[in-house]
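All of these numbers come straight from a predicted model, not from anything done at the bench.
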Amino acid sequence: MMLDRINKGCKNRWARYVLLFLVTFIHSLSSFAQKPVHQQSESSYAQAMANGKAANEAFRRSHQYLLGWLAKADSVSGLIPRNLTQSTCIWNAWDAAADNYPFLVMTASMLDRPIFEGKMREMLATETRLTSRIGRLPDTYSFCKRGFQNDPIDTSQVIFGSAEYMKDGLIPLTEWLGPSPWSERMLGILADLDKLVDVPTQIKSNGLGKHAVVEVGGDLLQVLARMYWQTRNPQWLQWGIQIGDYYLSPDHLPTQALPRLQLRDHGCEIVSGLVELYAVVSVVDPAKKRQWQPYIHEMLDTILAKGRNEQGLFYDEINPVTGEITQKRLADNFGYTLNAFYTVYVIDRVAGYREATLKALGSLSAHYRNHDWENGSADGYADAIEGALNLYLREPVPSAKDWLDSEIKVLWNFQKPDGIIEGWHGDGNFARTSLMYALWKTAGIHVSNWNAGIVYGSVTDKNTVYVTITSPKAWQGKLIFGSNWHTEHMHMPVDYPRINQFQEWFPIEKDKNYTVTIGSKTQTVKGSALIAGFPVQLKPNEVVRLSCSR
């Protein structure tokens, strides 16, 4: 049409030639520009399909874990045992409740809503009724005795179990679900624990060892920081500052006062906890932030100087005063500690803390394929992968991606045909990490009406997420897009890296509009509608392609 108008309307031959040349040239540029975009979308959909296969395996294995452990539940109470070997007769707060049960709940919430609404809620009600010992604080319950395992009460064990249940179990559920019966259970435990202890080092009992006292302090700091964000209850901030003031001082700074500082699970919590509360006061109490800053930096600098190997990973335990490496095995929880470094980098822009993160991530693929993190236990792989995923979200080092895709297969190989992994409470971490991995491969999207045949995956490209979904049988349901969980569920102003969070790979903002394209049909959809669930129908073996752009 344009060429006809030029030929008819332009009388000057040379001018006509120039115009024709320009129009043809511009058209060719346009075609050239469009071709790579089409190729890019084709490549993205192909990658989304591959990601879907990986996510499907992660989801299927997590669901098998759920069914496997439910088959081992006590026939009378419905609670799961601490493990399937020596402790088949008890449910305890710091293992069964903290490390296994929450990820049964998490799995069911994504993959099996009838179990989530049924057995998971029933287990919470039963656990609350049977195990609450001091107010709402839980103690160990015996299926064999049909009562508490210990008599008289060991208060230190109740404190330790309460702190572990909140930090390792109820916090991740709250990060994922937002306000729920599980967050209410946590707030009840926290309120009653506040009546019993201020700074955990005040606990006087042979039942709680020195390392556990430090762990309780770290647990509480993490719980108090996040519960302050979620509720804005000043009680939790004041309590956190009380603990923080104790440790961030010349006499009690962990890297000055402790002859043995664990940088693995059970010890690294104090480092993470102090930094989490530092993140809180950096927003709400600048004067306290200035007071704590030199201690936070000194603690982190000492750990960097004395606690790492040549690839930038942390040893299990060091003497931070002398620099002696007291346990040379490498910590599978390196990511938990690096969360703290990266958070302080975000707050204070200390370049060395980011460089520490990049160094560790960059070393994994070359040096730590199939590394024995925890004496042959699946839990070591689960924790290492979880920590690396959390940091990869912030710093997408290409080789770290290869390592994650490799090591998740090592973890999966531990699972037995009945769904059980190793038969102890650490099995819950298998599902936690598998679900995190799956959400990476789906860009935070999950589906309603899940079944093992649904294969869906995603890949992000700047401001667009590409999604494929298919099923061998006809299916209809919803694609439930991930939101800014740190804002929507926790009311946090910044998504700093932290243990037990669920990563935000393509967060949808509820008040914004998005462009959704399926085939030739494009529509504008409110973010809140995507979070609630975008409806999809599938014919048998049909592959639906969808893109969503900001």
Practice task
Return yes if a side-chain donor-acceptor contact under 3.5 Å exists between E127 and Y165, otherwise no.
Solution key: yes
Practice task
Please lay out, stage by stage, how Y437 and W412 fare under the test ring pair (Phe, Tyr, Trp, His ring centres under 6.0 Å).
Solution key: CA-CA 12 Å; Y437 178 86; W412 288 343; 5.7 Å; yes
Exercise for the section: List in chain and number order the residues that pass side-chain hydrogen bond (donor to acceptor under 3.5 Å, both in side chains) with W229, two or more places apart in sequence or in another chain; answer none if no residue qualifies. Expected result: Y496
Handout entry: Distance (rounded to the nearest 0.5 Å) between F534 CZ and I508 CD1
Key = 11.5 Å
Problem - Side-chain H-bond candidate by donor/acceptor type, D265 with N333, under 3.5 Å - result: no
Exercise for the section: Not counting sequence neighbours, which residues clear side chain to side chain contact (heavy atoms under 4.5 Å, CB included) with D285? List them please. Expected result: I241, V281, A287, K288
Problem - Student check: side-chain heavy atoms of L220 and W239 closer than 4.5 Å - result: yes
Problem - Qualifying residues under side-chain hydrogen bond (donor to acceptor under 3.5 Å, both in side chains), relative to E184, sequence neighbours excluded - result: none
Exercise for the section: Give a yes or no on this: more than 12 heavy atoms of other residues, nucleotides or ligands lie within 6.0 Å of atom NZ of K512. Expected result: no
Practice task
Decide whether E215 and H266 meet the rule of one side-chain donor and one side-chain acceptor closer than 3.5 Å.
Solution key: yes
Practice task
Flag the pair E276 and R226 as a salt bridge only when some basic side-chain nitrogen lies within less than 4.0 angstrom of an acidic carboxylate oxygen.
Solution key: yes
Handout entry: Short N-O contact, E422 and K416, less than 4.0 angstrom
Key = no
Fill in the blank from the handout: Note: W403 and L364 closest approach over all heavy atoms is CD1-O, 3.2 Å
Problem - Side chains of L124 and R185 in contact at under 4.5 Å (non-hydrogen atoms) - result: yes
Exercise for the section: Taking T343 for its side chain and P497 for its backbone only, find out whether a donor-acceptor pair lies under 3.5 Å. Expected result: yes
Handout entry: R329/D332 salt bridge by N-O under 4.0 Å criterion
Key = no
Exercise for the section: Taking atom types as modelled, find out whether Q157 and N150 have a side-chain donor-acceptor pair closer than 3.5 angstrom. Expected result: no
Handout entry: H489 side chain to E175 side chain, donor-acceptor N/O pair below 3.5 angstrom
Key = no
Exercise for the section: Side-chain contact test, heavy atoms from C-beta onward, threshold under 4.5 Å: evaluate it for E317 versus L261 and give yes or no. Expected result: no
Problem - Crowding at NZ, K289 (>12 non-hydrogen neighbours, <6.0 Å) - result: yes
Problem - G244 to L274 - nearest heavy-atom pair and separation - result: CA-CD2, 4.1 Å
Practice task
If a pair satisfies side-chain hydrogen bond (donor to acceptor under 3.5 Å, both in side chains) and one of its residues is in residues 440-449, list it, with sequence neighbours excluded.
Solution key: D405-K441
Fill in the blank from the handout: Applying ring-ring contact (aromatic ring centres under 6.0 Å, His included) to F334 and not counting sequence neighbours gives W373
Practice task
Could you list all the salt bridge (charged side-chain N to carboxylate O under 4.0 Å, His left out) pairs where at least one residue sits in residues 73-85, not counting sequence neighbours?
Solution key: D74-R146, R82-D95
Handout entry: Donor-acceptor side-chain pairing of H425 and N83 below 3.5 angstrom
Key = no
Problem - Pairwise side-chain contact, N100 with I80, heavy-atom cut-off 4.5 Å (strictly under) - result: yes
Handout entry: Heavy-atom closest contact (P200 atom, V213 atom, distance)
Key = O-CG1, 3.7 Å
Practice task
Give a yes-or-no answer on whether the side chains of W450 and Y456 include a donor-acceptor pair shorter than 3.5 Å.
Solution key: no
Problem - Qualifying residues under side-chain hydrogen bond (donor to acceptor under 3.5 Å, both in side chains), relative to D139, sequence neighbours excluded - result: R133
Handout entry: Flag side-chain contact, heavy atom, 4.5 Å: R260 against Q327
Key = yes
Handout entry: Pair Y336-E386, side-chain donor/acceptor within less than 3.5 Å
Key = yes
Practice task
Flag the pair I171 / Q222 as yes when at least one side-chain heavy-atom distance between them is below 4.5 Å, and no otherwise.
Solution key: no
Exercise for the section: Please name the pair of heavy atoms, one in Y65 and one in I421, separated by the smallest distance, quoted to 0.1 Å. Expected result: CD1-CD1, 3.8 Å
Practice task
Considering non-hydrogen atoms only, spot the tightest contact between S109 and W176 and give its length.
Solution key: OG-NE1, 3.2 Å
Practice task
Only counting residues at least two apart or in another chain, list the ones meeting side chain to side chain contact (heavy atoms under 4.5 Å, CB included) with L70.
Solution key: L66, I115, K119, M120, M123
Practice task
Using the six-membered ring wherever Trp is involved, compare the ring planes of Y381 and F414 and label them parallel, tilted or perpendicular (cut-offs 30° and 60°).
Solution key: tilted
Problem - By side-chain hydrogen bond (donor to acceptor under 3.5 Å, both in side chains) - contacts of H371 (at least two apart) - result: none
Handout entry: pair Y278-D348: side-chain heavy atoms closer than 4.5 Å
Key = yes
Exercise for the section: Apply the test ring pair (Phe, Tyr, Trp, His ring centres under 6.0 Å) to residues H252 and Y246: give CA-CA distance (whole Å), side-chain angles for both, the deciding distance (0.1 Å), then the verdict. Expected result: CA-CA 6 Å; H252 302 114; Y246 176 86; 3.8 Å; yes
Practice task
Would you name the heavy atoms of I420 and G423 that are closest together and state the gap between them?
Solution key: CG2-N, 3.4 Å
Problem - Geometric cation-pi criterion R232 and Y228, 6.0 Å radius, 45° cone - result: yes
Exercise for the section: Apply side chain to side chain contact (heavy atoms under 4.5 Å, CB included) to D192 and list each qualifying residue two or more places apart in sequence or on a separate chain. Expected result: R136, L137, K195
Completion exercise
Per side chain to side chain contact (heavy atoms under 4.5 Å, CB included), P507 is matched among I531, T487, N484 by N484
Handout entry: Results of side chain to side chain contact (heavy atoms under 4.5 Å, CB included) for A438 - residues two or more places apart only
Key = A55, A58, F59
Handout entry: Ring centre gap for W94 and F160 strictly below 6.0 Å
Key = yes
Practice task
Would you please indicate yes or no on a ring centroid separation below 6.0 angstrom for F430 and F103?
Solution key: no
Exercise for the section: Have a look at R432 and tell me which of D383, D168, D99 forms a salt bridge (Lys or Arg N to Asp or Glu O under 4.0 Å) with it. Expected result: D383
Problem - side-chain contact (heavy atoms from CB on, under 4.5 Å) assessment of L221 paired with I270 - result: CA-CA 8 Å; L221 284 165; I270 191 63; 4.0 Å; yes
Handout entry: 4.5 Å side-chain heavy-atom contact, P81 and F143
Key = yes
Problem - ring-ring contact (aromatic ring centres under 6.0 Å, His included) against Y342, all qualifying residues, sequence neighbours excluded - result: Y345
